[in-house]
Amino acid sequence: MSKGNSTKITDELYRYMLDHNPPLDAVQRGLVARTYAKFPEVAGMQSAEEQGPLLAFLVRLTGARLIVEVGTFTGFSALSMAQALPADGRLIACDVSEEWTAYGREAWEEAGVADRIELRIAPALETLRAMPAEPHIDMAYVDADKESQISYWEELVPRLRPGGLIVTDNTLYHGTVLDESATGSAAGVRAFNDHVAADPRMDSVLLAISDGLTLSRKR
């Protein structure tokens, strides 16, 4: 095996990367700061700063008009994607917490994209199963409970249009995917990664972005 690249991401190099990516706007930056201030113990659930511009880039690249997000937390990723949608685009955000998503609602209003985001407070599987069964989703972002990832996948793939994209976060799960005796969320991510790699309906790549990011395109 040849790694090909041994670049170590130091704090200084990480800052350099952020400085050469599209910067977060004032609303995005404020939401990130509020999340860390209000929920310091779980703020790590927020998508990494560099993922906001990346998700927006993927929305524009795919020409997405309908996005489904599974796991919204305080709304940073939804905000980033909604800002990249056309004016008549729509994002369905799935979460179970009124408390966390209240911060997202505030930021979406402030950014002028609240009319593009439909927040559904319910277990995500219920929301997904209530959607039309035919292919109609352009893009999905999955960043929720890891033990349910395969179930989310199996609801999303049939509803994804050909050429549509699923982006799944935390697919390296802090390196615990290497542990064959892993349990709980780590075991869920390991099983999900194997499931995705073997799925003939999709072309997928797992990338070492943040905590692991898998991009999957429907054939």
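Values below: all heavy atoms of this structure, side chains included; hydrogens, waters and symmetry mates excluded. We count residues from 1, following the sequence as given.
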For [Y], does its backbone N or O pair with a side-chain atom of [X] as donor and acceptor, under 3.5 Å?
X      : Y      : answer
Asp211 : His174 : yes
Lys146 : Ala144 : yes
Asp25  : Val27  : yes
Arg159 : Pro132 : yes
Arg190 : Ala182 : no
Arg65  : Asp88  : no
Asp138 : Thr62  : no

Any side-chain heavy-atom pair from [X] and [Y] closer than 4.5 angstrom?
X      : Y      : result
Met139 : Leu55  : yes
Arg219 : Pro162 : no
Thr74  : Phe39  : yes

_I'd like to know if the side chain of Glu154 pairs up with that of His195 as donor and acceptor (distance under 3.5 Å, no hydrogens or angles considered)._
yes

_Within the 3.5 Å criterion, strictly below it, is a donor on Ser77 or Glu69 matched to an acceptor on the partner's side chain?_
yes

Spacing of [X] atom [atom1] and [Y] atom [atom2] [to the nearest 0.5 Å]:
X      : Y      : atom1 : atom2 : result
Asp194 : Asp199 : CG    : CG    : 12.5 Å
Leu215 : Leu58  : CG    : CG    : 6.0 Å
Leu119 : Leu91  : CG    : CG    : 10.0 Å
Leu79  : Thr72  : CG    : OG1   : 11.5 Å
Thr168 : Gln149 : OG1   : CD    : 6.5 Å
Ser47  : Leu213 : OG    : CG    : 8.5 Å

Minimum heavy-atom separation for [X] and [Y], please, with both atom names.
X      : Y      : result
Leu85  : Gly89  : CD1-C, 3.9 Å
Leu172 : Ala208 : CD1-CA, 4.1 Å
Ser80  : Ala56  : O-CB, 3.7 Å
Tyr173 : Thr176 : O-OG1, 2.6 Å
Ala111 : Gln83  : CB-NE2, 3.9 Å
Lys218 : Pro158 : NZ-O, 3.7 Å

Indicate if [X] and [Y] have the same hydrophobic cluster label, given that clusters are the connected sets of ILVMFWY residues with side-chain heavy-atom separations under 4.5 angstrom.
X     : Y      : result
Leu13 : Ile209 : no
Met45 : Leu31  : yes
Val96 : Val42  : no
Leu61 : Ile67  : yes

*Just grab all the side-chain hydrogen bond (donor to acceptor under 3.5 Å, both in side chains) pairs involving residues 90-109, residues at least two apart or on different chains.*
Arg90-Glu118

*For side-chain contact (heavy atoms from CB on, under 4.5 Å), just list the numbers for Leu54 and Val167, CA-CA rounded to whole Å, side-chain angles, deciding distance to a tenth of an Å, and then say yes or no.*
CA-CA 11 Å; Leu54 174 59; Val167 182; over 6 Å; no

Report all side-chain donor-acceptor pairs from residues 14-24 shorter than 3.5 Å, counting only partners two or more places apart or in another chain.
unit_1, atom_1, unit_2, atom_2, d
Tyr14, OH, Glu50, OE1, 2.5
His20, ND1, Tyr16, O, 2.8

*asked:* Suppose clustering is done on Ile, Leu, Val, Met, Phe, Trp and Tyr with side-chain heavy atoms closer than 4.5 Å. Which residues sit in the same group as Leu156?
replied: Leu66, Val68, Val70, Ile92, Leu125, Leu128, Met131, Ile137, Val142, Ile150, Tyr152, Trp153, Val157, Leu160, Ile166, Phe192, Val196, Met202

*asked:* Check this for me: Glu180, atom CD, are more than 12 non-hydrogen atoms of other residues, nucleotides or ligands nearer than 6.0 Å?
replied: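 It does not: Glu180 CD has 12 such atoms or fewer within range.
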
_Would Glu155 and Arg129 count as a side-chain contact (heavy atoms from CB on, under 4.5 Å) here? Give the steps._
CA-CA 7 Å; Glu155 296 300 329; Arg129 288 168 180 163; 3.1 Å; yes

*Output, in order, the C-alpha distance, side-chain angles, deciding distance and verdict of side-chain contact (heavy atoms from CB on, under 4.5 Å) for Arg29 and Glu49.*
CA-CA 9 Å; Arg29 181 69 62 197; Glu49 182 173 330; 3.1 Å; yes

